[in-house]
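Quick caveat, the model's predicted, so the values are computed rather than measured. We count ligands from 1, going down the list as the structure has it; atoms in each ligand are counted the same way. We're numbering straight along the sequence, starting at 1.
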Amino acid sequence: MPDSASNVTRPAHSSWFPRGLTLLQDPALNKGSAFTPRERDVLGLRGLLPPHVNSQAEQVARVLENFHRLPTTLEKYIFMTALHDRNEALFFRVVIENTDEMMPIIYTPTVGLGCQHFGHIYQRPRGVFVTAEDRGQIGSLLRNWPRQDVAMIVVTDGERILGLGDLGSNGMGIPVGKLALYTACAGVPPTQCLPVMLDVGTNNAALRDDPLYLGLAQPRLTGQAYDDLVDEFITAARELFPGVVIQFEDFANHNAFRLLEKYRNRICTFNDDIQGTAAVALAGLYSALRVTQGELAQQRLLFMGAGEAATGIADLAVAAMVADGVDAATARRCCWLFDSKGLVVAGRGELAAHKQPYAHEHAAIGDFGAAVRALRPTAIIGVAAVAGSFTQQIIEEMTRLNERPIVFALSNPTSKSECTAAQAYAWSGGRALFACGSPFDAVALGGQTFVPRQGNNSYIFPGVGLGAIAVRTRHVTDEMFMASARALARQVTPQDLAQGSLYPPLKNVREVSVQIAAAVAEVAFEQGLAGIERPGDLAAHMRRCMYEPTYPCYA
Ligand code: NAD
């Protein structure tokens, strides 16, 4: 990542530098009412702006005033999207200074709503749309992107957007939102970020019938044609942007696992739904174990769900136990999966490859509550997007079985949560060690205030991305995700734990990302994967690479 990534004074006098209205309409360069009198003279802006010059802080105050006037989260999302498209530095300043308030708007849960309404609220394009009809020309299409220094691509095919299913081309809101977090949470320069939608059609008939739907209104491409399209995209992206990290996002699990296996040792890639989720959940478990004084290998983890998130978490937990000296078979027996057909057990019939390692010998059980009673888990981890599936009875049973039951309701968006924070604390008499996928307010109970924090992969992926880019790693490995989980857990203070928080406050996320990026980089050097000479102080190197949303001086 070149240091020019951050904020340089740009040569305003050179012929390529935009002037006048063109400059005001370029979100990467625009300063709006903060252009100085001299810049206004030199850049042809005089008369095109109201005369008073604002500081960036004054502009932030204006943004917040307008933001707070808006009655719904969707309107806030539209407002922030418009700001992102108008003035990037101001957008990131607002997000960084108001992380707790802004993250649930620009990312989960509101981004889900933004995707559902994508065609209806659409104002300006962002990123690249590669469609099933672009076979053979993806390279030339990517060349239309105006920047050559792209270092981070987030790509989706929109088939499994959060817990909302197939949203087709509407899913573009996710790569856009995710990359905004790479920048806001870890300082990955926005100019180096490229959101990509692989629009292969949609099987969502309601969307195809919507006249305002902006994607290909045809059934999804499948089979070899699908694989060829993905492959052409990856080859073209790597040719144009050497060393680029390609993060797969919100692919349905029949493609997600396959694509990860196919590409993980060939290119620099990871799947955040599988690996990032795994690391954030493992960090939450490490925090919970500090309270219970338990060991990971002594836990029985029962997952509600057996998809990307569940098996990703189980695989990383097993890898972490193995790294602690436990044998793999014993480690796998600590993890149990429950899917739409019931408990995943040996002999249940044909099972997808990702579930097979966890199909233990056991009688079939069709009801999650019965599985809790039979298996006596120390932790239940909800990742099936089945709202309300952690019932009062189940939480009470967990509390009978455990002094401090671990309850992670990780499904997104909020409407899909397995239980709310208030329910988890109330039904366990305040004993649950709780983490959630969507944000919940603090809960007052029995004279104590519990502060639930999000087990959200946005703690992990920005730092992993920053670390990967900053040392130009050739691959992103499981060991890097294990290191990032440990680095995240180290940021949780005894004060956090005392109030029931298993994660650090989001407002610390940039420092958290620095520590994660340094941990990832350390592994890259240990594994011989880094593409630069090792800097003496990795954390300092990360901080130097980070984008700050301060306005450059153009004249
Ligand atoms: P997925 O589609 O890969 O898996 C969903 C799983 O749920 C499947 O195994 C399916 O069989 C199971 N399931 C469906 N209905 C069920 C039912 N009635 N009972 C039991 N199991 C059932 O999806 P995923 O990527 O694993 O994501 C699942 C959820 O986790 C989503 O809501 C997603 O937003 C959330 N998630 C949260 C985070 C986070 O950071 N908090 C990260 C990733 C995923």
Does this structure show an ion pair linking [X] with [Y], if we count only N-O contacts that are shorter than 4.0 Å?
X      : Y      : answer
Asp478 : Arg264 : yes
Arg258 : Glu261 : no
Asp339 : Lys355 : yes
Asp315 : Arg332 : no

Exercise for review: Looking only at non-hydrogen atoms, find the nearest pair between Gly173 and Val111 and report the distance.
Suggested key: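 Residues Gly173 and Val111, closest heavy atoms: O-CG2, 3.5 Å.
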
Practice item. Kindly give the heavy-atom pair with the smallest separation between Leu466 and Ser513, and that separation in Å. Key: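 For Leu466 versus Ser513, the nearest heavy atoms are CD2-O, 4.5 Å.
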
Check your understanding: More than 12 non-hydrogen atoms from neighbouring residues, nucleotides or ligands closer than 6.0 Å to CD on Gln499, yes or no?
Key ->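 Buried by this count: over 12 neighbours within 6.0 Å.
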
Exercise for review: Answer yes or no: does atom CZ of Arg266 have more than 12 heavy-atom neighbours from other residues, nucleotides or ligands under 6.0 Å?
Suggested key: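 Above 12, so yes.
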
Does an N or O anywhere in [X] fall below 3.5 Å from an N or O of ligand 1?
X      : value
Lys355 : no
Val386 : no
Ala309 : yes
Asp273 : no
Ala306 : yes
Val280 : no
Gly455 : yes

Exercise for review: Report the part of Asp339 in contact with ligand 1, treating N, CA, C, O as backbone and CB onward as side chain, heavy atoms under 4.0 Å; options are side chain, backbone, both, neither.
Suggested key: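 Looking at Asp339 and ligand 1, atoms from backbone and side chain both fall under 4.0 Å.
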
Exercise for review: Just let me know how Arg160 lines up against ligand 1, side chain, backbone, both or neither, with a heavy-atom cut-off below 4.0 Å.
Suggested key: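 For Arg160, the contact with ligand 1 is made by the side chain alone.
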
Review point. When you measure from atom 13 (N) of ligand 1 to each heavy atom in Ala435, Pro413, Ser415, Ala384, which option holds the nearest one?
Key: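 Among Ala435, Pro413, Ser415, Ala384, the closest heavy atom to atom 13 (N) of ligand 1 belongs to Ala384.
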
Check your understanding: Nearest non-hydrogen atom to atom 28 (C) of ligand 1 belongs to which of Val383, Leu164, Asn457?
Key ->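 Minimum heavy-atom distance to atom 28 (C) of ligand 1 goes to Val383.
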
Check your understanding: Rounded to the nearest 0.5 Å, how far does CG of Leu506 lie from CE of Met102?
Key ->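 Met102 atom CE to Leu506 atom CG measures 13.5 Å (nearest 0.5 Å).
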
Under 4.0 Å from any heavy atom of [X], which atoms of ligand 1 are there?
X      : result
Gly437 : 41 (N)
Asn253 : 1 (P), 2 (O), 3 (O), 4 (O)
Ser411 : 29 (C), 30 (O), 32 (O), 35 (C)
Thr277 : 42 (C), 43 (C)
Leu162 : 34 (O)
Met304 : 19 (N), 20 (C)

In terms of residue, atom name and distance, what is the protein heavy atom nearest to [atom]?
atom                    : result
atom 22 (C) of ligand 1 : Ser340 N, 3.4 Å
atom 33 (C) of ligand 1 : Asn412 N, 4.0 Å
atom 37 (C) of ligand 1 : Leu410 O, 3.1 Å
atom 4 (O) of ligand 1  : Gly307 CA, 3.3 Å

Once the angle between the rings of [X] and [Y] is folded into 0 to 90°, is it parallel (under 30°), tilted (30 to 60°) or perpendicular (over 60°)?
X      : Y      : result
His362 : Trp336 : perpendicular
Tyr547 : Phe92  : perpendicular
Phe440 : Phe434 : tilted

Review point. With a 4.0 Å cut-off on heavy atoms, does Lys416 reach ligand 1?
Key: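 No, that is not the case, since the closest heavy atom of the residue is not under 4.0 Å from the ligand.
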
**Study point:** Geometric cation-pi criterion Lys178 and Phe461, 6.0 Å radius, 45° cone
**Key:**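 Yes - Lys178 lies over the ring of Phe461, closer than 6.0 Å to its centre and within 45° of its axis.
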
